[in-house]
Amino acid sequence: QIYAEASRQLLGFSQYDDASRLLKKASEVTGNSTQSREYLLNAIQVLQAANRSKDALALAESNLETLGNEPFVLRKLIELARAAGQPATAEKYVKQLLKISLLQQWNEFEQVATAQPVFDDGAWALQYTPEASEGWSLHKTALSNAAPKASAPVLPFDDQTYKLAYDVFLENKNLEDALRIAQAAVKQSPQNIAWRERLAHVAEWTTHAQLALDNWLFIAQATQREDAWKAVLRLAPGLFDDRALIAGLQHQLSQRPNDP
């Protein structure tokens, strides 16, 4: 408490370095783990307020044991890494966040599965699946006499987590993982126009032209947006997709009903 109070007084004089050091000291001497993390997060926040994102990130990464790996902590680390201009570090924590989110769903899945009289050898492992449509999921690493009756979960749709992961992957020029995130989002929320558009863009950037066209066509038909129809008419001829091309031309004609 003494260190924390002294830190507050120093902040009143814009003494950010000393205020942060005192909060770090408060974190070290308190016997309460929750309070220790709170002091440390405050110390990091002080450095952020002084536009010292790199120092804030360094402080956080040197005290990961105290901070833990809960989702809100990982989001903070991602925020710091992005502000510090370190996209590779941000991506590292995004992947941890994706794994944590999946494992939380897996715990719920296990509670249902264990209520069923099915033999399972426990040989499951978290893996990044090569199939783009599935993304992050849990896979069996050994055979058993009977498979679980429920299917193994994929990452539950959480718009905030998906959007954060998508943005970080793009910032790190990791277009393939950005594509997988967008595909997983559309698979779980197929009517979400924002994710359809993200998928259309990243599909074009990764030369998945047909995938891009399919999503632009969905957007165009659902919203009648002119930019989406233009994308359809731009992509359809090269892909020889008559269905999409006819739909685009019909829309084009409907916009000029008085033309001969």
Side-chain angles (χ1 to χ4, degrees), residues 1-108 110 124-128 135-136 138 155-156 158-174 177-178 180-181:
Q1 291 291 342
I2 296 175
Y3 292 114
E5 180 59 34
S7 173
R8 282 191 287 271
Q9 292 179 14
L10 287 171
L11 280 176
F13 296 97
S14 299
Q15 299 295 313
Y16 296 104
D17 279 341
D18 290 337
S20 180
R21 277 195 290 270
L22 285 175
L23 285 167
K24 172 69 165 52
K25 184 65 175 179
S27 172
E28 293 170 351
V29 300
T30 184
N32 184 296
S33 59
T34 301
Q35 188 68 65
S36 177
R37 180 167 64 180
E38 184 177 339
Y39 283 142
L40 186 57
L41 287 170
N42 288 340
I44 293 166
Q45 189 65 40
V46 166
L47 291 176
Q48 271 191 292
N51 294 318
R52 301 266 299 279
S53 297
K54 289 185 179 180
D55 292 335
L57 178 61
L59 177 60
E61 290 202 288
S62 64
N63 291 276
L64 291 177
E65 186 175 346
T66 300
L67 290 174
N69 66 345
E70 294 180 44
F72 83 93
V73 171
L74 292 173
R75 288 191 178 93
K76 185 66 176 180
L77 290 167
I78 294 164
E79 175 192 332
L80 290 170
R82 295 176 76 186
Q86 298 184 24
T89 302
E91 181 173 316
K92 176 180 69 174
Y93 291 121
V94 156
K95 289 181 177 180
Q96 288 185 31
L97 178 61
L98 292 174
K99 290 180 181 180
I100 292 294
S101 298
L102 179 58
L103 287 171
Q104 287 176 342
Q105 189 196 14
W106 178 247
N107 289 335
E108 298 174 4
E110 269 196 323
W124 293 86
L126 182 69
Q127 298 177 4
Y128 192 86
W136 297 86
L138 285 150
L155 183 64
D158 171 2
D159 190 79
Q160 181 185 14
T161 298
Y162 271 63
K163 178 64 165 58
L164 180 60
Y166 178 83
D167 289 343
V168 168
F169 287 143
L170 287 186
E171 289 168 5
N172 205 33
K173 298 179 174 58
N174 185 349
D177 276 348
R180 293 185 179 103
I181 286 291

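In this text, all values refer to a predicted model and were calculated from it rather than measured experimentally. We count residues from 1, following the sequence as given.
No option in Ile78, Leu74, Val73, Leu77 other than Leu74 meets the side chain to side chain contact (heavy atoms under 4.5 Å, CB included) test with Gln96. Applying the side chain to side chain contact (heavy atoms under 4.5 Å, CB included) test between Asn63 and each of Arg37, Glu28, Lys24 identifies Lys24 as the sole match.
One N or O on the side chain of Ser62 and one on the backbone of Leu59 form a donor-acceptor pair closer than 3.5 Å. Looking only at distances, no side-chain donor or acceptor of Asn172 sits under 3.5 Å from a matching main-chain atom of Asn174.
Shown here for Val168 and Pro87, the closest heavy-atom pair between the two residues is CG1-O, 4.3 Å. Residues Ala90 and Ala81 share a closest heavy-atom pair of N-CB, 3.5 Å. Minimum heavy-atom separation, Ala43 to Ser20: O-OG, 3.1 Å. The shortest non-hydrogen separation linking Ile44 to Ala56 is O-CB, 3.8 Å. Contact record, Ala60 with Leu67: O-CD1, 3.5 Å, taken as the closest heavy-atom pair.
With rounding to the nearest 0.5 Å, the separation of OG1 in Thr89 from CD in Glu61 is 5.5 Å. Rounding to the nearest 0.5 angstrom, the gap separating the NZ atom in Lys95 from the CG atom in Asp177 is 5.0 Å. The distance from atom OG1 of Thr34 to atom CG of Asn32, rounded to the nearest 0.5 Å, is 5.0 Å. Note that CD of Glu91 and CG of Leu170 are 10.5 Å apart. Values are rounded to the nearest 0.5 Å. Rounding to the nearest 0.5 Å gives a distance of 12.5 Å between CG of Leu98 and CZ of Arg180. Residue Leu164 holds its CG atom at 9.5 Å from CZ of Phe169, rounded to the nearest 0.5 Å.
Side-chain atoms of Asn69 and Leu97, non-hydrogen and from C-beta on, never get closer than 4.5 Å to each other. Counting only heavy atoms from C-beta outward, the side chains of Tyr39 and Thr66 never approach each other to under 4.5 Å.
Under the 3.5 Å distance criterion, with hydrogens and angles disregarded, no donor-acceptor pair is assigned to the side chains of Ser36 and Thr30. When only modelled atom types and interatomic distance are considered, Arg75 and Thr161 share a side-chain donor-acceptor pair under 3.5 Å. In summary, the side chains of Lys76 and Gln45 do present a donor paired with an acceptor at a separation below 3.5 Å, with no hydrogens or angles considered.
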Exercise for the section: Show your reasoning for whether salt bridge (Lys or Arg N to Asp or Glu O under 4.0 Å) applies to Lys163 and Asp167. Expected result: CA-CA 6 Å; Lys163 178 64 165 58; Asp167 289 343; 2.6 Å; yes
Practice task
Go through the steps to decide whether Leu40 and Leu23 satisfy the test side chain to side chain contact (heavy atoms under 4.5 Å, CB included), and finish with yes or no.
Solution key: CA-CA 6 Å; Leu40 186 57; Leu23 285 167; over 6 Å; no
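Listed by chain and number, the residues in a ring pair (Phe, Tyr, Trp, His ring centres under 6.0 Å) with Tyr166 are Trp195 (sequence neighbours excluded).
More than 12 heavy atoms of other shown residues, nucleotides or ligands fall within 6.0 angstrom of atom NZ in Lys92.
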